[in-house]
Amino acid sequence: MGETGAVSGAPRGRGEGGGRPGGRGGGSGRRVEIGRVLFIQSYYMGDVILATPAVRAARRAFPGARLEFLTTGPGVGALEGNAHLDEVIRLERGVGAQMRLMRELRRRRYDAVVDFLSNPRTALLVAATGAAVRVGVRAGGPRDLAYTDLVPREPGPVYIARQKVRLLGPLGIDAEAIDDLSLEVAIGAAERAWAAGVWERTGLGTRGPVVAVSPVSRERFKQWGAERWAVVADRLAERGFEVLITNGPGEREQAAAVAERMRHRAVWDYGPTTVRQLAALYERCALWVGNDGGPKHVAVAAGTPTVTVIRWRLGPVWTDGASATPHVAIDRAPPQACDRRCARCEHLGCLGAVAAEDVVAAALEALGRVAPAKG
């Protein structure tokens, strides 16, 4: 898999130069040769990772096709090394970059485009491709005109990875027959060696299995709070587990706030990580606990059990309850009224209704269902 900027040189890899089509697809009774497909999920990192089951399903359906993915910087890192993609296109900011990208996408002559996000900006990009099959999520507004095939929004709580797989239906893929919804982040030998070095430098794993705690989020409405996470981390430390507090760009202070409130030792100042390095850290942990967000999906992709504190009624949407690996989402109804507009919520009542004891109990139950340590 390669990576290109918004405007790149000649495409590389599978399907170049008019290679054999991968198969036929197309909604509304059309039959279209599928030789080149573009997937779009411009943000966020977690949403990009949640699209990997759909990418894998498309590769299996169209083994000879060229598959490309358009996303922003964090998504590029999440898809680095993905074995099912031929190219990752980086979406740059700015009007000029967007215009150049639209011309480039038109030049590439895609047979199909699948827009997992389907917002006004991505709809413009989809329309610019001129692809015969252009799949998006129905919005009920002018942006719908950019698509040839519209998939309705889910009326109930359906796991996001399943929702994304369903967008493959207009390509002739039976989405309901796809059972494999495992997430993917490519962890290589270099990432595993780096993670082993963190273990060695910090002494992690010498006194007990390691639990990763991710108490961070850039969104206020996803932050359960440093005090509560410190209580959970200390309770797990008292049970003989070591604590690794992870953080990403701009989240260092949130991680430090938890470590400072703890009575027990925690490792948190281990340096910056790539997405693949973070996955390698999680791969060595017995459990991941934390706020809803991208790191949770990195942990899922690494095969690590998870316990997530999440907003009311969103647990089944962002958590695969059918996975053989334990993945638990804890949400509670808020004592106040809720208008479901989390970004402007003043009280964060649903998160406040989750008690530390609830999280500790779920963590210990999940730990009891898996081997006590990794790596």
Side-chain angles (χ1 to χ4, degrees), residues 44 46-47 50 154-160 163 211-239 241 243 245-248 251 253-264 266 287-300 304-323 325-369:
Y44 297 96
D47 294 82
L50 285 159
E154 298 288 347
V158 177
Y159 183 41
I160 288 290
Q163 294 186 37
V211 173
V213 178
S214 179
V216 299
S217 176
R218 296 186 181 184
E219 305 287 358
R220 174 180 171 272
F221 57 83
K222 293 184 179 182
Q223 297 174 10
W224 190 45
E227 291 283 357
R228 296 187 182 99
W229 281 121
V231 170
V232 170
D234 273 330
R235 298 275 177 83
L236 293 173
E238 289 164 4
R239 294 293 191 108
F241 296 95
V243 175
I245 302 175
T246 63
N247 62 95
E251 299 169 340
E253 291 184 3
Q254 294 180 57
V258 175
E260 290 166 359
R261 287 165 170 78
M262 288 180 60
R263 302 188 312 274
H264 297 272
L287 179 71
W288 179 99
V289 296
N291 293 329
D292 174 38
K296 177 261 189 73
H297 305 299
V298 175
V300 173
T304 302
T306 64
V307 173
T308 310
V309 176
I310 196 167
R311 291 160 288 161
W312 184 41
R313 292 180 176 172
L314 290 182
V317 177
W318 296 101
T319 304
D320 185 5
S323 171
T325 301
H327 296 300
V328 179
I330 304 175
D331 65 343
R332 299 288 184 267
Q336 304 90 344
C338 178
D339 64 4
R340 302 298 303 156
R341 292 177 173 84
C342 300
R344 73 181 193 190
C345 179
E346 295 294 330
H347 49 73
L348 302 180
C350 60
L351 295 187
V354 177
E357 290 75 13
D358 297 334
V359 179
V360 173
L364 293 174
E365 181 179 357
L367 286 162
R369 294 169 57 189

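- Contact of the F241 side chain with the L367 side chain is registered, since non-hydrogen atoms from C-beta on lie closer than 4.5 Å.
- Between V307 and E365, every side-chain heavy-atom pair lies at or beyond the 4.5 Å cut-off.
- Looking at W288, its side chain never comes within 3.5 Å of a backbone N or O of V300 through a donor-acceptor pair.
- A donor-acceptor pair is defined here as one N or O able to donate and one able to accept, closer than 3.5 Å; no such pair exists between the side chain of N291 and the backbone of Q223.
- For Q163 (side chain) and V158 (main-chain N/O), a donor-acceptor pair under 3.5 Å exists by modelled atom type.
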Stepwise side chain to side chain contact (heavy atoms under 4.5 Å, CB included) test for L314 and R340: CA-CA 10 Å; L314 290 182; R340 302 298 303 156; 3.4 Å; yes

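- By the side-chain hydrogen bond (donor to acceptor under 3.5 Å, both in side chains) test, R313 pairs with no residue at all, sequence neighbours left out.
- Put simply, NZ on K222 and OG1 on T308 are 11.0 Å apart, with the number rounded to the nearest 0.5 Å.
- The distance from atom CD1 of I310 to atom CZ of R332, rounded to the nearest 0.5 Å, is 12.5 Å.
- Between V328 and A362, the shortest heavy-atom distance links the atoms CG1-CB, 4.4 Å.
- Across all their heavy atoms, V232 and A356 have their closest contact at CG2-O, 4.0 Å.
- Across all non-hydrogen atoms, the minimal contact from P316 to P157 is CB-CB, 3.9 Å.
- Nearest heavy-atom pair, L351 versus R311, reported as atom, atom and distance to 0.1 Å: CD2-N, 4.0 Å.
- By the side-chain hydrogen bond (donor to acceptor under 3.5 Å, both in side chains) test, E357 is found to be paired with no residue, residues two or more places apart in sequence or in another chain being considered.
- At a threshold of 4.5 Å between non-hydrogen side-chain atoms, the residues V309 and R228 do not count as touching.
- The backbone N or O of E251 sits nowhere less than 3.5 Å from a side-chain atom of Q254 that would complete a donor-acceptor pair.
- If you take CG on D292 and OG1 on T319, they are separated by 7.5 Å, rounding to the nearest 0.5 Å.
- Distance check: L236 CG to L364 CG gives 6.0 Å after rounding to the nearest 0.5 Å.
- Two residues are said to be in side-chain contact when any heavy atoms from C-beta on lie closer than 4.5 Å; W224 and I330 fail this criterion.
- C350 approaches P334 most closely through the heavy-atom pair N-CB, 3.5 Å.
- Put simply, the side chain of R239 never gets that close to the backbone of R235: no donor and acceptor are under 3.5 Å apart.
- Looking at R220, its side chain does come within 3.5 Å of a backbone N or O of C345 through a donor-acceptor pair.
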Would you please test E154 and V317 for side chain to side chain contact (heavy atoms under 4.5 Å, CB included) and show each step? CA-CA 10 Å; E154 298 288 347; V317 177; over 6 Å; no

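- Using a 4.5 Å heavy-atom cutoff, the side chains of T325 and T304 are not in contact.
- Between C342 atom SG and F221 atom CZ the span is 6.0 Å, to the nearest 0.5 Å.
- Counting only heavy atoms from C-beta outward, the side chains of R263 and E238 approach each other to under 4.5 Å.
- W318 meets the ring-ring contact (aromatic ring centres under 6.0 Å, His included) test with no other residue; sequence neighbours excluded.
- Summarising the geometry, atom CD belonging to Q336 is positioned 9.0 Å from atom CG belonging to L348; distances are rounded to the nearest 0.5 Å.
- A 4.5 Å side-chain heavy-atom check between D339 and R344 finds at least one atom pair inside the cut-off.
- Nearest heavy-atom pair across I245 and A255 is CG2-CB, 3.8 Å.
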